[in-house]
Each structure stands twice: as structure tokens, then as C-alpha cells.
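Read the structure below first, then the notes.
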Amino acid sequence: MSNPFGEAWDLLFHPPVAHRGLWTRGGAPENSLAAFQAACEAGYGVELDVHLSSDGEAMVFHDEDLKRMTGVEGKLRDRTAADLGELTLKDTDEKIPTLRETLALIGRRAMVHIELKTAYGEVGPLEQRVHELLIDHAGPTCVIGFNPYSHAWFADRFPGVLRGLDSYDYKQVPHMNEAQRESFARLEHVAIARPHFLALHIGMLPDEQVAKYRGEGMPVVAWTVREPGQWDAVKDYCDNLIFEGFEA
């Protein structure tokens, strides 16, 4: 595959990417400005998650539910950005950041993998807001995510945005119904998503179909690598890693 993405394409391959920032238990919490600052200082790329607030802002947070990370009951999508920005993360002073704040902090210091947590059947508003923010960001970025229709939205409207299709074996996800499994990304949905690279769970590697895509020039980034031995087991079948819990 040719390289129309410049620095962002090169940074797909190196350095490794810190999953939800370089967070630590008892230290900087996941998806916090402190964790992103630590990743930049260590020379890593950054992976983060975004949801849409009730008033249309892209908020950096992994779960749909607020409880695990803030102790507060309720869904992120039901609160405004201002309300969410007052909540603290995991008994620290860190707050839920907006994507705007996060990109401003990171600047050009790191490649940012933005995982779109698009709600099932609701493609469009989150993608549009993320794109509006990327227009004003000078640093290297890509969007990733499991929903192939989210990728297709970008492919049809803004094909210059670098995109990576996430996937794993949805048969192993008991809370998903069959319609969700059919609609969300598997390797069979590459044709719908039209990604530039694949972001695959380490349990999918090695795989003959993945090797075929990679041989045709589509890079593969493995996630989430949580110990050096896991990386040793898959590094011959992919091009980079998204990691946490150790220094890659």
C-alpha cells in the first residue's frame, strides 16, 4: 500500500502504543491527561477512547457506564460535557477530559489512535465531531474502532483520515446478540469498512486471512499486549503493539 499519510503512516509501525495512555494502578488513571502526558514523555504512541456527551462533545472515556472509573451511577451519554468534566477518575484529581483538551496536550509529540465508541446503530454524530477536532490538530492521528459502518462513514466523506479496523472473535462475547455480532467488525467486514490497517486482538494471531491482508500491504497492530511474553508470541505476525502494564 502506498503512503498518503506521511508521518502518521510511519508511526503505525513504531513506537509501541500505550493503551489508554501510560496509566498505572495507584497512579495516573486510564484515559487521563496524566496518563497521556506520561506516554508522551516516555516516547510512546497513545491509544484512547471517545464517546459523545449529551450535548455533542467528544469525551475521552472507555466505558458507556460511569461507575467503574468515577463511582457515579449513570451513562456518559446522558450527561453534558461540563457535568462530565467535573467528575474525578479513580480517587485522583484527574477529570474526564475532552478530546479537544487531549489533543491540545499531546500536540505533535505522539501518534494518537482514537477509538470511536460509536453506539450500536448510531453512526454519524461522534464521527463528525471527531473529524471537526482533527481538522485543527497538527499532530499524527488515526481513528480505530469495531463498527465497520463508522469506518465506512469516514471512507465516504473524509477518505484522507487514516483508519484502522478493530476486530476479535465476537462469538466469545456473551452479552452481544446475534444482530450485533453480525453488524460489528469481523475480518469479513473489511470490504464494508475499507480500512488502511487492522487492529486485532492478540488471540486472533496467527491467522491465514490476516497474513494475506498483511502480505498485500495492510499493517496489523496487535492489542492488548500485557506482558513481554505475549508480544514474543505474536510479533512475527503483526507490525506493532498496543500495550499496558509493562514498559514495551
Shortest non-hydrogen contact from [X] toward [Y]:
| X | Y | answer |
| --- | --- | --- |
| Lys90 | Pro29 | CB-CB, 4.2 Å |
| Pro219 | Leu12 | CG-CD1, 4.5 Å |
| Phe246 | Leu241 | CZ-CD1, 4.2 Å |
| Ala34 | Glu94 | N-OE1, 3.3 Å |
| Glu47 | Val17 | N-CG1, 3.5 Å |
| His137 | Gly107 | CE1-O, 3.2 Å |

For [Y], is there any backbone N or O sitting under 3.5 Å from a side-chain donor or acceptor partner on [X]?
| X | Y | result |
| --- | --- | --- |
| Asp55 | Ala81 | yes |
| Ser54 | Thr80 | yes |
| Asp239 | Val220 | yes |
| Asn240 | Pro15 | yes |
| Gln37 | Leu33 | no |
| Gln128 | Pro125 | no |

Does a sphere of radius 6.0 Å around [atom1] in [X] hold more than 12 heavy atoms from other residues, nucleotides or ligands, not counting ones at 6.0 Å or beyond?
| X | atom1 | value |
| --- | --- | --- |
| Asp91 | CG | no |
| Asp236 | CG | yes |
| Arg25 | CZ | no |

Carboxylate-amine/guanidinium contact [X] [Y], below 4.0 Å:
| X | Y | result |
| --- | --- | --- |
| Glu101 | Lys95 | no |
| Glu216 | Lys212 | yes |
| Arg20 | Glu244 | no |
| Arg68 | Asp65 | no |

Does the side chain of [Y] come within less than 4.5 Å of [X]'s, by heavy atoms?
| X | Y | result |
| --- | --- | --- |
| Thr118 | Leu52 | no |
| Arg157 | Glu127 | no |
| Lys117 | Glu115 | yes |
| His151 | Phe154 | no |
| Cys142 | Arg163 | no |
| Leu87 | Leu66 | yes |
| Met59 | Val50 | no |
| Thr102 | Leu48 | yes |

State the [atom1]-[atom2] distance between [X] and [Y], to the nearest 0.5 angstrom.
| X | Y | atom1 | atom2 | value |
| --- | --- | --- | --- | --- |
| Ser53 | Leu126 | OG | CG | 10.0 Å |
| Arg129 | Glu132 | CZ | CD | 5.0 Å |
| Leu205 | Cys238 | CG | SG | 5.5 Å |
| Met111 | Phe13 | CE | CZ | 10.0 Å |
| Leu103 | Arg108 | CG | CZ | 13.0 Å |
| Lys67 | Glu73 | NZ | CD | 4.5 Å |

Working note: Ile242 + Val221, criterion side-chain contact (heavy atoms from CB on, under 4.5 Å); need CA distance, chi angles, decisive distance, verdict. CA-CA 7 Å; Ile242 297 173; Val221 180; 3.7 Å; yes
Pairs where residues 36-95 contributes a residue and the test ring pair (Phe, Tyr, Trp, His ring centres under 6.0 Å) is met, not counting sequence neighbours: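 Those involving residues 36-95 are Tyr44-Phe243.
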Under the side-chain contact (heavy atoms from CB on, under 4.5 Å) rule, what do Val210 and Tyr237 come out as? Steps first, then yes or no, please. CA-CA 8 Å; Val210 172; Tyr237 310 108; over 6 Å; no
In this structure, which one of Ile144, Leu134, Asp49, Val60 forms a side chain to side chain contact (heavy atoms under 4.5 Å, CB included) with Ile114? Leu134
After noting the C-alpha distance and the side-chain angles of Asp136 and Arg100, does the key distance pass the salt bridge (charged side-chain N to carboxylate O under 4.0 Å, His left out) rule? CA-CA 9 Å; Asp136 294 328; Arg100 181 193 291 275; 5.3 Å; no
Given the rule in the side-chain contact (heavy atoms from CB on, under 4.5 Å) test, do Thr70 and Leu84 qualify, once you have shown the distances and angles that lead to the verdict? CA-CA 10 Å; Thr70 71; Leu84 292 165; over 6 Å; no
Given the rule that I, L, V, M, F, W and Y join up when any side-chain heavy atoms are under 4.5 Å apart, are [X] and [Y] in one cluster?
| X | Y | answer |
| --- | --- | --- |
| Ile106 | Val143 | yes |
| Leu99 | Leu76 | no |
| Trp23 | Leu105 | no |
| Ile96 | Leu133 | no |

Tell me, please, which residues at least two apart from Trp153 pass ring-ring contact (aromatic ring centres under 6.0 Å, His included).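 For Trp153 the ring-ring contact (aromatic ring centres under 6.0 Å, His included) partners, ignoring immediate neighbours, are Phe158.
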Under 30°, 30 to 60°, or over 60°: which ring-plane class applies to Phe5 and Trp9, parallel, tilted or perpendicular?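 Phe5 and Trp9: parallel rings.
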Please report whether the ring centroid of Trp223 lies less than 6.0 Å from that of His19.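 No; Trp223 has its ring centre 6.0 Å or more from that of His19.
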